[in-house]
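The figures here come from the full heavy-atom set of this structure, side chains too, leaving out hydrogens, waters and symmetry mates. Sequential numbering from 1 along the given sequence is applied to the chain's residues.
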Amino acid sequence: MNRRHLLASAWAMPALATPALLPGLAAAQSFPNRPITIQISFPAGGATDVQMRSFAEAATRALGQQVIIENRPGGGGTLPAANMRNARPDGYTLAQFALPAIRLPFMQRMAFNPRTDFTPIIHVTGYLFMVCVRAESPYRSWADLVADARRRPGEVKIGNTGANGTPHLTLIELAARERIEVLHVPFRGEGDAVPALIGGHIDASGTGSGVLQLIQDRQLRALNVWPRARSPKLPDVPTLLELGYQDMVVTSPYGIVGPLGMDPEIVRRLHDGFRVALHDPAHIATLERLDMPLEYLNSADYGRFIQATADYEEARVKRLGLGL
């Protein structure tokens with residue numbers, strides 16, 4: 001069949017070509033025409049919930065459709081990512097891609113591969129992490145806690161925001177470097193760990209910046225912080241680097257992903273709306289209040305970031321002896 005016959009055949013089959021092409025094209029061009037849900041990895045009340053709800057309000061304004069935050073705690077911070085496996089790739093169901101969703105597949109068998117099973121949309125921010133105690137705690141410094149743990153092996157109870165999450169693994173590494181034994185107590189998020197700390201059920205907790213107001217109100221006291229430099233809101237609290245822990249800079253960055261196979265035009269529209277939301281003054285004010293950095297990456301750069309982070313976390317898990 002020559003080129004003229006091929007062209008003639010193509011013109012003769014509009015009814016066959018149209019149904020296969022137009023529905024997807026129309027969906028992308030009209031996107032979004034109903035609410036968008038972003039599942040997040042932690043319960044209400046913590047820094048993630050506060051930040052993401054502020055972001056969703058700004059995204060609602062930018063996209064012209066309501067953006068809904070749905071709390072899906074549990075699974076060590078991996079449930080939103082796992083749920084993307086069964087979500088339609090139409091852009092209406094998305095996930096906060098927390099660092100445990102990249103790390104845990106190297107620690108236990110998971111139903112997804114962080115390197116291949118998602119559509120990256122945008123990178124958003126990271127956490128200010130720290131170790132906190134009650135204001136009346138006898139621990140005036142991190143050295144005090146370490147010294148007590150040496151005196152009472154396995155008796156000092158340190159909470160964290162989820163089993164195998166970033167605070168948990170960082171506390172495991174700190175204990176290993178100090179050669180101390182502590183009792184790690186995982187919770188379902190900051191919103192659960194902090195009341196347990198205030199109530200005296202644990203001695204300390206690895207937590208995020210959602211506790212800043214409680215520190216300012218003198219209910220809690222920070223013993224250390226985990227970014228590269230001291231927090232402007234906690235200028236008297238030393239970093240892990242200052243305490244002598246080489247290369248320990250921990251922020252647990254996260255972004256937003258969707259199911260594998262999303263239409264590139266829908267990804268672009270989401271990215272563009274989310275970029276506007278990320279830089280919205282109200283959202284920036286929330287980040288500043290929580291002492292969380294604005295860490296924008298576009299879809300392609302975020303995809304490369306996920307690959308590099310997966311490489312790092314795989315090596316870290318092997319180094320700590322926590323792998324499969």
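Between Asp236 and Arg230 there is no salt bridge, since none of the side-chain N atoms of the basic residue sits less than 4.0 Å from a carboxylate O of the acidic one. A salt bridge is absent between Asp263 and Arg269: the closest approach of a Lys/Arg side-chain nitrogen to an acidic carboxylate oxygen does not fall below 4.0 angstrom.
Cation-pi contact between Arg177 and Tyr245: absent, since separation from the ring centre below 6.0 Å together with deviation from the ring axis within 45° is not met.
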Practice prompt. Check the pair Asp148, Tyr139 against side chain to side chain donor-acceptor pair (under 3.5 Å), reporting the backbone distance first and the verdict last.
Written response: CA-CA 9 Å; Asp148 191 33; Tyr139 304 143; 2.5 Å; yes
Worksheet entry | Criterion side chain to side chain contact (heavy atoms under 4.5 Å, CB included) on Thr48 and Tyr127, from CA distance to verdict | CA-CA 8 Å; Thr48 306; Tyr127 298 102; 2.3 Å; yes
Fill in: Evaluation steps, side chain to side chain donor-acceptor pair (under 3.5 Å), between Thr125 and Glu295
CA-CA 5 Å; Thr125 184; Glu295 295 183 340; 5.5 Å; no
Discussion item. ring-ring contact (aromatic ring centres under 6.0 Å, His included) for His123 and Phe305? Distances and angles first, verdict last.
Written reply: CA-CA 9 Å; His123 189 268; Phe305 176 85; 5.1 Å; yes
Worksheet entry | Pair Asn83-Gln39, side chain to side chain donor-acceptor pair (under 3.5 Å): steps then yes or no | CA-CA 9 Å; Asn83 290 340; Gln39 298 181 11; 2.8 Å; yes
Item to complete: Tell me, with the steps shown, if Leu220 and Ile198 meet side chain to side chain contact (heavy atoms under 4.5 Å, CB included).
Response: CA-CA 8 Å; Leu220 296 179; Ile198 292 174; 3.9 Å; yes
Discussion item. One pair to check against side chain to side chain contact (heavy atoms under 4.5 Å, CB included): Thr161 and Asp192. What are the steps and the verdict?
Written reply: CA-CA 8 Å; Thr161 55; Asp192 293 336; over 6 Å; no
Item to complete: Go through the steps for Trp142 and Leu174 under the test side chain to side chain contact (heavy atoms under 4.5 Å, CB included), then give the verdict.
Response: CA-CA 11 Å; Trp142 173 247; Leu174 287 171; 4.1 Å; yes
Fill in: side chain to side chain donor-acceptor pair (under 3.5 Å) between Trp226 and Asn224, intermediate numbers included
CA-CA 7 Å; Trp226 301 357; Asn224 56 44; 2.9 Å; yes
Please table the atom pairs, donor to acceptor, closer than 3.5 Å between any side-chain atom in residues 247-257 and protein atoms at least two apart or in another chain.
| from | atom 1 | to | atom 2 | distance (Å) |
| --- | --- | --- | --- | --- |
| Ser252 | OG | Thr166 | OG1 | 3.0 |
| Tyr254 | OH | Gln51 | OE1 | 2.4 |

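The heavy-atom pair separating Ala95 from Pro80 by the smallest distance is CB-O, 3.6 Å. The nearest pair of heavy atoms linking Glu242 to Thr239 is OE1-N, 2.9 Å. When all heavy atoms of Asp49 and Arg53 are compared, the pair lying nearest together is OD1-NE, 2.8 Å. Between Ala59 and Ala277, the shortest heavy-atom distance links the atoms N-CB, 3.4 Å. Residue Phe106 comes nearest to Glu313 through the heavy atom pair CD1-C, 4.3 Å, listed as atom of the first residue, atom of the second, then distance. Shortest non-hydrogen contact noted between Val225 and Ser231 is CG2-N, 4.4 Å.
With Lys233 as reference, Leu212 is the one residue of Leu128, Leu212, Ile215 to meet the side-chain contact (heavy atoms from CB on, under 4.5 Å) rule.
In terms of modelled atom types and a separation under 3.5 Å, the side chain of Asn164 and the main chain of Gly76 share no donor-acceptor contact. Of the possible donor and acceptor atoms, none in the side chain of Ser205 sits under 3.5 Å from a partner among the backbone N and O of Leu197.
Ring centroid separation for the pair Phe274 and His283 does not come in under the 6.0 Å cut-off.
The structure places SG of Cys132 at 9.5 Å from CZ of Arg221, a figure rounded to the nearest 0.5 Å.
Note: His271 and Tyr296 have tilted aromatic rings, judged against thresholds of 30 and 60 degrees for the angle between ring planes. Taking the six-membered ring for Trp and thresholds of 30 and 60 degrees, Phe118 and Phe97 have ring planes inclined between 30 and 60 degrees apart.
Contact of the Arg103 side chain with the Glu314 side chain is not registered, since no non-hydrogen atoms from C-beta on lie closer than 4.5 Å.
Residue Arg88 places its CZ atom among 12 or fewer non-hydrogen atoms of other residues, nucleotides or ligands, all under 6.0 Å distant. Summarising the local packing, CD of Glu136 is surrounded by more than 12 heavy atoms from other residues, nucleotides or ligands at distances under 6.0 Å. Summarising the local packing, CZ of Arg150 is surrounded by more than 12 heavy atoms from other residues, nucleotides or ligands at distances under 6.0 Å.
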